[in-house]
Peer 1: 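Shown below is the structure under consideration.
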Amino acid sequence: MEYIKNGELCFFDTHAHYYDDRFYGEENPEGAEALLEQLFENGLLGVINVGTNANTNKLAIKQAQRFENMYAAVGIHPADLAHTEIGLDAELGELVDLLDVDKREENKIVAIGEIGLDYYWEPYDKELQKKCFEAQLKLACILDLPVVIHDRDAHGDCFDIVSRYSNVRGVFHSYSGSSEMAKELIKRGWYISFSGVVSFKNAAKIKEVAAVVPDDRILIETDAPYLAPHPFRGKINHSGRLLYTATALAEARGCSIENVARLTRENTKALFGV
């Protein structure tokens, strides 16, 4: 297990799911809370714990309330719509309740997410996903909150929809689109976040994107417990492995790891206010 120890290399993990069952299984028998305590003690600056539905939103908030440097994002993930037991209207109703201005500070909510489109996991209903996506973007407009965008195999539709909401700010997490699309998003004020995928040997396209994202628009994440960087690909991911992702980003950008750490810290503060 690798930890971030040097104070100058403190990272802020802008996207993780520490309530996930994998953090309570054989890969991590001591549980998520014990792991997080160790990570924070060894230099991890902070984490945004991201929910995906009515249930996991509450779990993300509960964990965030336990740790001083953990915050929550709440939203309805497009892939979760196929499995909702309460329906879209009820999911949105619970989300609105969590985002009530009197509860938001107590719940440590800093963003709406993870929201967007996913045309990979079947079955999926494109029109339902778009309806849910736009409803949450409208909420972000009303509440003046940033959003965390999930875009898998839906680049064109995602771009078209966010382009209609020019007042919304946020990040495309674990970016997987083209460098051309990234440039257009950046023109519109969006941030681009990189996960362990940027370290993969077959990730030439993502490395190209990493090279062109401006200093003031780059973020770093784990998507823990998923997308562990090389050489841990396929294993459980956690924030202590951000150094490997940062190393790949530094190589792609032709800069130092210290620079990646500093820029991503500053940009996290600018976007999420943490």
Side-chain angles (χ1 to χ4, degrees), residues 1-51 56 59-60 62-73 108 110 114 148 171 173-175 193-201 203 206-207 210 218-253 255-269 272 274:
M1 188 176 293
E2 297 290 336
Y3 294 107
I4 304 162
K5 297 180 180 179
N6 186 333
E8 293 302 313
L9 285 178
C10 286
F11 293 102
F12 199 115
D13 187 350
T14 60
H15 195 112
H17 309 276
Y18 275 105
Y19 51 80
D20 191 279
D21 287 344
R22 284 183 68 183
F23 285 115
Y24 300 91
E26 60 182 20
E27 293 178 278
N28 190 60
E30 295 183 350
E33 285 69 25
L35 173 60
L36 283 164
E37 287 173 359
Q38 293 178 53
L39 290 168
F40 284 126
E41 287 173 1
N42 285 276
L44 178 63
L45 187 62
V47 176
I48 296 178
N49 208 27
V50 183
T56 60
L59 294 176
K62 185 177 181 180
Q63 278 185 322
Q65 289 174 328
R66 176 168 178 174
F67 295 96
E68 180 181 0
N69 295 326
M70 178 178 267
Y71 304 86
K108 300 178 70 177
V110 296
E114 174 175 357
V148 179
V171 56
H173 106 87
S174 190
Y175 187 78
S193 182
F194 296 90
S195 66
V197 173
V198 73
S199 72
F200 296 173
K201 294 179 180 179
I206 302 305
K207 295 178 193 293
I218 188 171
L219 294 173
I220 194 168
E221 64 171 273
T222 56
D223 200 18
Y226 311 105
L227 304 182
H230 176 79
F232 304 101
R233 188 173 181 178
K235 298 181 180 179
I236 192 171
N237 197 12
H238 59 74
S239 305
R241 291 176 173 168
L242 280 170
L243 185 59
Y244 294 86
T245 301
T247 299
L249 279 175
E251 291 174 353
R253 295 173 67 80
C255 69
S256 68
I257 301 171
E258 288 83 0
N259 194 45
V260 169
R262 178 181 60 81
L263 292 174
T264 54
R265 290 197 305 266
E266 292 174 355
N267 294 339
T268 299
K269 183 177 181 179
F272 297 109
V274 294

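This chain uses plain numbering: 1 for the first residue, then up along the sequence.
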Peer 1: Does the side chain of D21 come within less than 4.5 Å of P225's, by heavy atoms?
Peer 2: no
Peer 1: Under the rule for side chain to side chain donor-acceptor pair (under 3.5 Å), what residues qualify as partners of T222, not counting sequence neighbours?
Peer 2: D13
Peer 1: So which heavy atom on H17 is nearest to which on H15, and how close?
Peer 2: NE2-NE2, 3.2 Å
Peer 1: To the closest 0.5 Å, what do you measure between CD (Q38) and CD (E30)?
Peer 2: 6.0 Å
Peer 1: For the backbone of L219 and the side chain of N267, can you confirm whether one donor and one acceptor N or O come within less than 3.5 Å of each other?
Peer 2: no
Peer 1: List the residues meeting side chain to side chain donor-acceptor pair (under 3.5 Å) with T268, not counting sequence neighbours, and say none if there are none.
Peer 2: none
Peer 1: Are any of the side-chain heavy atoms of L45 and R265 separated by less than 4.5 Å?
Peer 2: yes
Peer 1: For a 4.5 angstrom cut-off between non-hydrogen side-chain atoms, does Y226 reach R22?
Peer 2: yes
Peer 1: Taking only residues two or more places apart in sequence or in another chain, which ones pass side chain to side chain contact (heavy atoms under 4.5 Å, CB included) with E33?
Peer 2: Y24, Q63, R66, F67
Peer 1: List for me each residue that meets ring-ring contact (aromatic ring centres under 6.0 Å, His included) alongside F272, sequence neighbours excluded, and say none if there are none.
Peer 2: none
Peer 1: Suppose the criterion is salt bridge (Lys or Arg N to Asp or Glu O under 4.0 Å): which pairs have a residue in residues 228-239, not counting sequence neighbours?
Peer 2: none
Peer 1: Calculate, to the nearest 0.5 Å, the distance between atoms CD1 and OG belonging to I48 and S193 respectively.
Peer 2: 9.5 Å
Peer 1: With sequence neighbours left out, write down each residue that passes side chain to side chain contact (heavy atoms under 4.5 Å, CB included) with A210, or none if nothing qualifies.
Peer 2: F194, V198, L249, A252
Peer 1: Mind checking whether R253 and N259 have side chains closer than 4.5 Å, heavy atoms only?
Peer 2: no
Peer 1: Could you give me the CA-CA distance, side-chain angles and deciding distance for F12 and N69, then say whether side-chain contact (heavy atoms from CB on, under 4.5 Å) is met?
Peer 2: CA-CA 9 Å; F12 199 115; N69 295 326; over 6 Å; no
Peer 1: Just to verify, what does E266 make a side chain to side chain donor-acceptor pair (under 3.5 Å) with, not counting sequence neighbours?
Peer 2: R262
Peer 1: Does K207 reach the main-chain N or O of A248 with its side chain, forming a donor-acceptor pair under 3.5 Å?
Peer 2: no
Peer 1: Should I236 and F23 count as side-chain neighbours, where that means a heavy-atom distance under 4.5 Å?
Peer 2: yes
Peer 1: Quick one: OG on S256 to CG on L263, what's the gap to the nearest 0.5 Å?
Peer 2: 8.5 Å
Peer 1: Suppose we screen for side chain to side chain contact (heavy atoms under 4.5 Å, CB included). Which residues come up paired with A246, at least two apart in sequence or across chains?
Peer 2: F11, I220, I257, V260
Peer 1: Have a look at H238 and tell me which of L39, L44, N28, L36 forms a side-chain contact (heavy atoms from CB on, under 4.5 Å) with it.
Peer 2: L39
Peer 1: Drop me the distance from Y71's OH to K108's NZ, to the nearest 0.5 angstrom.
Peer 2: 6.0 Å
Peer 1: Output all residues satisfying side chain to side chain contact (heavy atoms under 4.5 Å, CB included) with L227, sequence neighbours left out; order by chain, then residue number.
Peer 2: S174, S195, V197, D223
Peer 1: Listed by chain and number, what are the side chain to side chain donor-acceptor pair (under 3.5 Å) partners of Y18, not counting sequence neighbours?
Peer 2: S239
Peer 1: Decide whether Y175 and H173 meet the rule of one side-chain donor and one side-chain acceptor closer than 3.5 Å.
Peer 2: no
Peer 1: Does some side-chain heavy atom of V171 sit less than 4.5 Å from a side-chain heavy atom of T14?
Peer 2: no
Peer 1: Might you confirm whether atom CD of E27 has over 12 heavy atoms from other residues, nucleotides or ligands at distances under 6.0 Å?
Peer 2: yes
Peer 1: Taking R241 for its side chain and A228 for its backbone only, find out whether a donor-acceptor pair lies under 3.5 Å.
Peer 2: no
